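For clarity, every value in this text was computed on a predicted model and none was experimentally measured.
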Amino acid sequence: MARSDDLYSLPENLPVPVDDGACDHLAGMPLPSIPLPATDGTLVDLTKLSGRSVVFIYPRTGLPDVDSPPGWDQIAGLRGCTPQACRYRDSYELFLALGVRLFGLSSQESSYQQEMVSRLHLPFLVLSDAELKFAHALNLPTVTIDGLTVIKRISLVIEESVIRKVFYPVFPPDQSAEHVLEWLRANQTKQRT
């Protein structure tokens, strides 16, 4: 069975998410110490990392042979996780050149994420918050559709376990990597080594 749409591109006329203030509390917040399963089988505690890291949080990536849940595209900000991940993949070396670690994060199980990492050839780790411990600790915005609770799309710049910059809402998702890179380049001198 094949999807009825193109998983790797954004359809036209997607609803644009608005800033509902759900992430206003995050800038300057210290991260909680919550080890998260990564796609390489390890546990990653973002509070243990030095320097700068970027975590792009996305609702869920789709599968090439399964349609999204009914109504998925009509909820602002949900569609576009695969194009977003691919753009981060294509920009990975630019993040490395700035000395920045890159992670994806979703509420999907690691086994689901591992298939996606392999299929899309992602060079960075993707973290699983399947139990929503990280999301709840940071009071991240979520949405439930078709019995599935996902985290809304957010990008975080983390420095020495503190959230330094929050990108929310993120739209269009396939331009997220460029927006984050632009901010990182403009704020390079503020990074501690």
Side-chain angles (χ1 to χ4, degrees), residues 16-39 42-61 75-78 80-81 84-85 87-88 91-92 94-96 98-110 113 122 124-144 148-173 175-193:
V16 179
V18 296
D19 189 348
D20 57 6
C23 290
D24 289 354
H25 64 287
L26 292 175
M29 178 184 273
L31 289 177
S33 178
I34 299 176
L36 297 169
T39 45
T42 64
L43 290 175
V44 173
D45 183 343
L46 295 169
T47 66
K48 307 296 184 201
L49 303 178
S50 60
R52 273 194 177 159
S53 300
V54 167
V55 179
F56 72 95
I57 301 167
Y58 59 91
R60 70 186 289 275
T61 52
I75 299 175
L78 292 191
C81 301
Q84 181 185 26
R87 195 58 81 85
Y88 272 101
S91 303
Y92 181 65
L94 300 174
F95 285 93
L96 287 184
L98 293 171
V100 175
R101 287 181 199 83
L102 181 61
F103 299 92
L105 185 150
S106 76
S107 59
Q108 293 165 295
E109 296 284 346
S110 270
Q113 295 173 334
L122 301 185
F124 48 83
L125 296 179
V126 178
L127 310 177
S128 173
D129 190 23
E131 297 177 14
L132 298 173
K133 290 180 181 178
F134 187 77
H136 289 152
L138 287 175
N139 195 26
L140 299 180
T142 61
V143 63
T144 301
L148 180 70
T149 300
V150 297
I151 309 167
K152 289 188 178 181
R153 192 180 317 278
I154 309 158
S155 294
L156 303 175
V157 178
I158 298 164
E159 185 177 326
E160 307 299 336
S161 80
V162 174
I163 299 171
R164 294 296 178 202
K165 175 67 177 169
V166 179
F167 295 84
Y168 175 84
V170 174
F171 191 85
Q175 294 179 23
S176 172
E178 287 81 357
H179 294 155
V180 174
L181 282 166
E182 183 178 309
W183 185 89
L184 289 168
R185 289 183 188 114
N187 292 275
Q188 284 185 76
T189 58
K190 295 179 183 174
Q191 181 178 0
R192 293 186 213 116
T193 54

For [X], what residues pass the side chain to side chain contact (heavy atoms under 4.5 Å, CB included) criterion, not counting sequence neighbours?
{"X": "His25", "result": "Met29, Asn139"}
{"X": "Thr144", "result": "Thr149"}
{"X": "Leu96", "result": "Tyr92, Glu93"}
{"X": "Leu94", "result": "Ser91, Leu181, Arg185"}

Going by heavy atoms in the side chains, are [X] and [Y] under 4.5 Å from each other?
{"X": "Val44", "Y": "Pro35", "value": "no"}
{"X": "Tyr58", "Y": "Val126", "value": "yes"}
{"X": "Leu140", "Y": "Asp129", "value": "no"}
{"X": "Phe167", "Y": "Val157", "value": "yes"}

- prompt: Can you name the residues that form a ring pair (Phe, Tyr, Trp, His ring centres under 6.0 Å) with Phe124, not counting sequence neighbours?
  reply: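 Result, ring pair (Phe, Tyr, Trp, His ring centres under 6.0 Å) vs Phe124: Phe56.
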
task: Can you sort out the partners of Phe134 under ring pair (Phe, Tyr, Trp, His ring centres under 6.0 Å), two or more places apart, ordered by chain and number?
output: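 Phe134: no ring pair (Phe, Tyr, Trp, His ring centres under 6.0 Å) contacts found.
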
Any side-chain to backbone donor/acceptor pair from [X] onto [Y]? Under 3.5 Å, distance only.
{"X": "Thr39", "Y": "Leu125", "answer": "no"}
{"X": "Gln108", "Y": "Thr61", "answer": "yes"}
{"X": "Glu159", "Y": "Ser53", "answer": "no"}

Only counting residues at least two apart or in another chain, list the ones meeting side chain to side chain donor-acceptor pair (under 3.5 Å) with [X].
{"X": "Gln84", "answer": "Arg153, Ser176"}
{"X": "Glu131", "answer": "Lys133"}
{"X": "Ser33", "answer": "Asp45"}

- request: Under the side-chain contact (heavy atoms from CB on, under 4.5 Å) rule, what do Leu46 and Leu156 come out as? Steps first, then yes or no, please.
  value: CA-CA 11 Å; Leu46 295 169; Leu156 303 175; over 6 Å; no

- request: Report the residues that fulfil salt bridge (charged side-chain N to carboxylate O under 4.0 Å, His left out) with Arg87, sequence neighbours left out, ordered by chain and then residue number.
  value: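 If we apply the salt bridge (charged side-chain N to carboxylate O under 4.0 Å, His left out) test to Arg87, skipping adjacent residues, the hits are Glu178.
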
Heavy-atom pair of closest approach, residues [X] and [Y]:
{"X": "Ala38", "Y": "Leu127", "value": "CB-CD2, 3.7 Å"}
{"X": "Pro141", "Y": "Ala22", "value": "CB-CB, 3.7 Å"}
{"X": "Val170", "Y": "Ser155", "value": "CG2-N, 4.0 Å"}
{"X": "Leu26", "Y": "Leu138", "value": "CD2-O, 3.5 Å"}
{"X": "Cys23", "Y": "Val166", "value": "CB-CG1, 4.0 Å"}
{"X": "Pro59", "Y": "Leu78", "value": "CG-CD2, 3.7 Å"}

Find the distance between [atom1] ([X]) and [atom2] ([Y]) and round it off to the nearest 0.5 Å.
{"X": "Asn187", "Y": "Glu182", "atom1": "CG", "atom2": "CD", "answer": "10.5 Å"}
{"X": "Ile57", "Y": "Cys81", "atom1": "CD1", "atom2": "SG", "answer": "12.0 Å"}
{"X": "Leu132", "Y": "Ile34", "atom1": "CG", "atom2": "CD1", "answer": "10.5 Å"}

- request: With side-chain contact (heavy atoms from CB on, under 4.5 Å) as the test, would you mind laying out the steps for Val180 and Val100 before giving the verdict?
  value: CA-CA 11 Å; Val180 174; Val100 175; over 6 Å; no

task: Take Ile158 and Leu49 through the test side-chain contact (heavy atoms from CB on, under 4.5 Å) and record every step on the way to the result.
output: CA-CA 9 Å; Ile158 298 164; Leu49 303 178; over 6 Å; no

field: Where at least one partner belongs to residues 18-27, residue pairs that pass salt bridge (charged side-chain N to carboxylate O under 4.0 Å, His left out), sequence neighbours excluded
entry: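 Non-adjacent pairs meeting salt bridge (charged side-chain N to carboxylate O under 4.0 Å, His left out): Asp20-Lys152.
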
message: Using side-chain contact (heavy atoms from CB on, under 4.5 Å), reason through Tyr88 and Leu122 one step at a time and then give a plain yes or no.
response: CA-CA 8 Å; Tyr88 272 101; Leu122 301 185; over 6 Å; no

